[in-house]
*Asks:* 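Mind having a look at this structure? Questions to follow.
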Protein chains: 2
Amino acid sequence: MCMNNSVTLKDIAKALNLSISTISKSLNDSYEISVDTKQKVLAYAQKHHYSPNRLAKGLKEGKSRSIGIVVCSLDNNVIAQMLDGIDTVSADNSYQIIIMQSKESQKQEAACIELLYSGGVDGILISPACETVDFSYLRSLQESGLPIVLFDRLSDQIDTHKVGADNFQGAYDATMHLIKNGYKNIAHLNTNTTLSIATERLNGYKQALMDSEITYRPELLRSCDYSDTQKLNSDLREAILYFMSLPDKPDAIFTATDQISTRCLTLLNKLGYHIPTDIALIGFTNTDLAEALSPALSTVHQPAFEMGQLAAKKLISLIESKVHDQEYETVMLETYIQARASTQSKD
Amino acid sequence: MCMNNSVTLKDIAKALNLSISTISKSLNDSYEISVDTKQKVLAYAQKHHYSPNRLAKGLKEGKSRSIGIVVCSLDNNVIAQMLDGIDTVSADNSYQIIIMQSKESQKQEAACIELLYSGGVDGILISPACETVDFSYLRSLQESGLPIVLFDRLSDQIDTHKVGADNFQGAYDATMHLIKNGYKNIAHLNTNTTLSIATERLNGYKQALMDSEITYRPELLRSCDYSDTQKLNSDLREAILYFMSLPDKPDAIFTATDQISTRCLTLLNKLGYHIPTDIALIGFTNTDLAEALSPALSTVHQPAFEMGQLAAKKLISLIESKVHDQEYETVMLETYIQARASTQSKD
DNA sequence: CTGTTAGCGCATTCAT
DNA sequence: ATGAATGCGCTAACAG
């Protein structure tokens with residue numbers, strides 16, 4: 001009987017009057033064991049619900065068949081979809097997933113990583129906290145042999161496999177969509193973080209303007225504090241009021257994140273602006289409810305589930321490859337635009 | 001160096017020319033060790049980022065300081081909030097959480113539980129799959145000493161701590177809210193599952209009708225298949241069309257789950273019905289976007305985060321209590337009604 | 001074909 | 001105050 005009273009090899013050995021290693025080999029279908037013995041052992045094991053102790057196995061084999069995941073938050077639409085993708089692949093490959101939240105704090109993130117590392121995970125999947133600028137700890141773990149894959153929020157501070165969305169293109173497409181639909185004065189709401197996804201989305205926006213020969217107006221860009229919902233809401237509110245107070249006010253807004261997109265819509269409604277006649281709106285978001293919103297919201301959709309799947313696949317391949325000399329690659333999955341009423345053509 | 005190249009007791013012992021047990025005792029601040037030695041050991045350990053191997057520790061101590069969680073799906077608003085609550089409490093108490101999805105399949109759920117059990121988790125938090133009717137496996141684990149707590153979806157097939165929402169009252173309040181606002185012909189959309197939360201919500205609805213002296217009309221109750229989104233959508237569509245074709249058609253719908261509520265709203269809009277003039281709508285859902293929907297959706301809100309927190313607390317107390325003779329209790333957390341445009345008063 | 005032994009990293013009991 | 005020895009459950013090298 002082991003820690004949780006389950007049957008162990010020893011128990012079976014005793015019951016069957018065989019040695020522990022014979023049992024182990026039988027259960028692992030070793031060629032050394034006679035068919036007869038194997039059957040006896042297997043039968044007993046099944047009858048008594050034997051299942052190997054993963055802790056012991058992990059300790060012995062130097063791995064735990066578990067993957068550590070660090071995300072900023074669990075209560076988040078897009079992240080939930082990514083986790084779902086990660087879990088699908090992990091489960092298929094018999095890896096358990098251990099999930100931890102950084103809550104956007106670099107310090108807490110480090111604690112998560114440390115805990116996962118000492119917990120003996122075989123690898124780590126991480127979407128860094130927006131605070132995180134220092135990747136030296138992660139790098140040091142990597143150098144000592146721990147496979148790491150970045151997903152969603154990427155960074156060039158560490159050399160490894162990375163799986164994200166093509167944020168530049170997504171932002172470019174969204175802005176172009178607005179322009180094609182007759183909107184020329186396009187504001188942009190982004191986060192005040194240094195995350196690459198923020199910069200890429202901003203750059204996509206700028207490039208679309210440039211390609212359309214629309215002058216970029218710095219006053220139409222506002223960066224909002226992401227630290228908490230309260231602060232985000234007040235920043236957004238302020239930004240919107242500012243935009244609408246401009247002499248040459250915008251006729252459309254492109255929003256850079258799930259949170260910002262949906263909250264912006266809510267705020268515009270609350271402030272009494274009519275979408276899209278007063279102002280059009282398109283934003284990054286994965287919510288299923290986009291079409292049920294008032295008005296139906298045009299969105300840039302990220303392949304979140306697929307990102308999770310691919311990131312998990314990359315990590316598992318890293319874990320299971322003996323030679324660690326594969327070229328690291330960065331994959332950017334395509335986003336797509338879902339046009340709805342909030343960006344109805346002006347014509 | 002252990003499995004992931006981290007420093008072990010042995011390494012420190014060798015480096016400091018001391019025995020392993022001295023190192024172990026120093027790090028555990030044993031009274032047997034001199035202050036001098038302790039300091040030396042501690043200094044070395046910190047410098048080299050020693051962290052105990054959880055696998056080894058778990059194997060030795062017969063526990064892993066980890067909690068297994070089984071939910072039907074990760075990609076779900078309400079569940080994400082519950083997981084967030086669970087994680088908060090778990091992290092505070094230095095427990096890692098291992099999350100698995102049953103995808104509503106009893107078979108897969110059993111596999112999850114087995115995996116968690118053999119993984120040496122100290123306890124299991126489970127919200128059973130809607131397919132699950134047989135709790136004997138879970139009971140047998142419990143009998144062999146594994147602490148188990150049910151949350152959200154409860155069952156009387158197993159005797160343990162249970163944390164859920166007061167579904168009866170929530171449904172009662174929602175129905176009463178409709179009645180007070182002048183709606184008398186109230187339809188109800190529920191799942192076709194045998195889950196107690198489904199029955200409780202149905203009973204709350206019925207009781208409210210009864211208390212208001214409104215006759216319950218069986219034709220105004222439809223149960224939809226929950227097996228997949230496709231099926232759910234088509235069932236809902238059919239149900240709505242059926243309701244609206246009735247000679248004495250309903251003037252309001254009360255929906256029993258997050259999925260049903262939001263999809264029902266989307267479908268009503270698509271089918272061209274105006275809410276609430278053609279038909280009012282209130283439902284269980286926790287989405288932040290309720291007020292941004294078209295129209296703003298009245299909801300029954302569940303304290304999902306708190307449910308998660310409380311369930312985790314209960315489980316940890318079960319794990320850490322030496323004597324397993326505490327009385328099991330079932331806690332039902334209060335829901336609350338958020339009234340919005342979709343149930344505007346008829347007057 | 002089966003059994004013995006060793007060792008993964010740790011805590012702990014029992015010497016010294 | 002320190003160290004040697006044991007065992008948690010498992011696999012694997014080696015012996016018989």
Side-chain angles (χ1 to χ4, degrees), chain A residues 1-42 45 48-66 117-122 145, chain B residues 1-42 44-45 48-66 117-122 144-145:
Chain A
M1 290 295 210
C2 94
M3 53 201 280
N4 42 30
N5 279 332
S6 62
V7 185
T8 69
L9 293 183
K10 198 201 262 183
D11 298 328
I12 305 182
K14 201 173 295 174
L16 263 44
N17 243 319
L18 288 165
S19 79
I20 295 181
S21 62
T22 304
I23 309 298
S24 173
K25 285 172 187 164
S26 301
L27 259 19
N28 289 317
D29 201 26
S30 161
Y31 66 96
E32 300 178 279
I33 305 294
S34 73
V35 185
D36 210 45
T37 311
K38 269 187 200 170
Q39 279 183 340
K40 240 188 305 186
V41 173
L42 219 68
H48 293 263
H49 298 105
Y50 169 80
S51 73
N53 181 315
R54 282 176 76 104
L55 261 51
K57 201 167 178 171
L59 181 60
K60 173 68 188 171
E61 298 187 336
K63 50 187 176 163
S64 58
R65 264 203 124 65
S66 65
Y117 184 54
S118 73
V121 294
D122 297 338
Chain B
M1 290 298 211
C2 92
M3 52 200 283
N4 42 29
N5 279 332
S6 62
V7 186
T8 68
L9 292 184
K10 198 201 263 181
D11 299 328
I12 305 181
K14 201 174 296 175
L16 264 44
N17 243 318
L18 287 167
S19 78
I20 295 182
S21 57
T22 304
I23 309 298
S24 173
K25 285 173 189 165
S26 301
L27 260 16
N28 289 317
D29 202 25
S30 161
Y31 66 96
E32 300 177 279
I33 306 295
S34 73
V35 184
D36 209 45
T37 311
K38 270 187 198 170
Q39 279 183 338
K40 240 187 306 186
V41 173
L42 219 69
Y44 187 94
H48 294 263
H49 298 106
Y50 169 80
S51 74
N53 181 313
R54 281 175 76 105
L55 261 51
K57 201 168 180 170
L59 182 59
K60 174 67 188 170
E61 298 186 338
K63 51 185 176 166
S64 59
R65 266 203 121 66
S66 65
Y117 183 54
S118 72
V121 294
D122 297 338
S144 68

*Asks:* So, are A/Lys38 and A/Asp29 salt-bridged, with charged N and O less than 4.0 Å apart?
*Replies:* yes

*Asks:* With respect to the phosphate group of C/dG3, does any side-chain polar atom (N or O) of A/Thr22 fall under 4.0 Å of OP1 or OP2?
*Replies:* yes

*Asks:* Distance check: side-chain N/O of B/Ser21 vs OP1/OP2 of D/dA5, anything under 4.0 Å?
*Replies:*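 Indeed not, no polar side-chain atom of B/Ser21 lies that close.
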
*Asks:* By nearest atom, which of the nucleotides D/dC10, C/dA11, C/dT2 is closest to the A/Ile33 side chain?
*Replies:*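 So the nucleotide nearest the side chain must be C/dT2.
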
*Asks:* What is the distance from CD of B/Glu32 to P of C/dC14, rounded to the nearest Å?
*Replies:* 12 Å

*Asks:* In whole angstroms, how far is the C1' atom of C/dG9 from the CG atom of B/Leu27?
*Replies:*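 So the two atoms are 13 Å apart, to the nearest Å.
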
*Asks:* Measure the distance from CZ on B/Arg65 to P on C/dA11 and round it to the nearest whole Å.
*Replies:* 13 Å

*Asks:* For B/Ser64, is there any backbone N or O sitting under 3.5 Å from a side-chain donor or acceptor partner on B/Asp122?
*Replies:* yes

*Asks:* OP1, OP2 of C/dG9 versus side-chain N and O of B/Tyr50: anything below 4.0 Å?
*Replies:* no

*Asks:* Would you tell me whether A/Thr22 and A/Ser19 have side-chain atoms, one donor and one acceptor, within less than 3.5 Å of each other?
*Replies:*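 Side chains of A/Thr22 and A/Ser19: pair found under 3.5 Å.
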
*Asks:* Can a side chain N or O of B/Thr37 be found less than 4.0 Å away from OP1 or OP2 on D/dT2?
*Replies:*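 Answer yes for this pair, as a side-chain N or O of B/Thr37 is under 4.0 Å from OP1 or OP2.
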
*Asks:* Would you say C/dA11 has OP1 or OP2 under 4.0 Å from some side-chain N or O of B/Asn28?
*Replies:*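 Affirmative; the distance criterion is met.
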
*Asks:* Is the distance from OP1 or OP2 of D/dC8 to the nearest side-chain N or O of A/Lys10 less than 4.0 Å?
*Replies:*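 Yes.
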
*Asks:* Could you verify whether a donor N or O on one side chain and an acceptor N or O on the other, from A/Thr37 and A/Ser34, lie under 3.5 Å apart?
*Replies:*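 Yes, a side-chain donor-acceptor pair sits under 3.5 Å.
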
*Asks:* Find the distance B/Leu16:CG to D/dT2:C1' and express it as a whole number of Å.
*Replies:*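 Taking CG of B/Leu16 and C1' of D/dT2, I get 13 Å after rounding.
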
*Asks:* Tell me whether the side-chain N/O atoms of B/Lys57 come closer than 4.0 Å to OP1 or OP2 in C/dA11.
*Replies:* yes

*Asks:* Let me know, please, whether A/Ser24 or B/Lys25 comes out on the 5' side of the other along DNA chain D by nearest nucleotide.
*Replies:* B/Lys25

*Asks:* How many whole angstroms separate atom CD1 of A/Ile20 from atom C1' of C/dG7?
*Replies:*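 Going from CD1 in A/Ile20 over to C1' in C/dG7 covers 14 Å.
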
*Asks:* Closer than 4.0 Å, any side-chain N/O of B/Ser19 to the OP1 or OP2 of D/dG3?
*Replies:*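 For D/dG3, OP1/OP2 do have a side-chain N/O of B/Ser19 under 4.0 Å.
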
*Asks:* Please pick, from C/dC1, D/dT11, C/dC10, the nucleotide with the shortest atom-to-atom distance to any side-chain atom of B/Lys60.
*Replies:* C/dC10

*Asks:* Would you mind telling me which of D/dG3, C/dT2, D/dT11 lies closest to the side-chain atoms of B/Leu18?
*Replies:* D/dG3

*Asks:* Write down the distance between OH (A/Tyr31) and P (D/dA12), rounded to a whole number of angstrom.
*Replies:* 12 Å

*Asks:* In whole Å, what is the span from the CG atom of B/Leu9 to the C1' atom of C/dT12?
*Replies:*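 Interatomic distance, CG of B/Leu9 to C1' of C/dT12: 13 Å.
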
*Asks:* Please report the distance, rounded to the nearest Å, between CG in A/Asn17 and P in C/dC1.
*Replies:* 20 Å

*Asks:* Between B/Asp11 (side chain only) and B/Thr8 (backbone N and O only), is there a donor and an acceptor less than 3.5 Å apart?
*Replies:*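 A pair under 3.5 Å: yes.
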
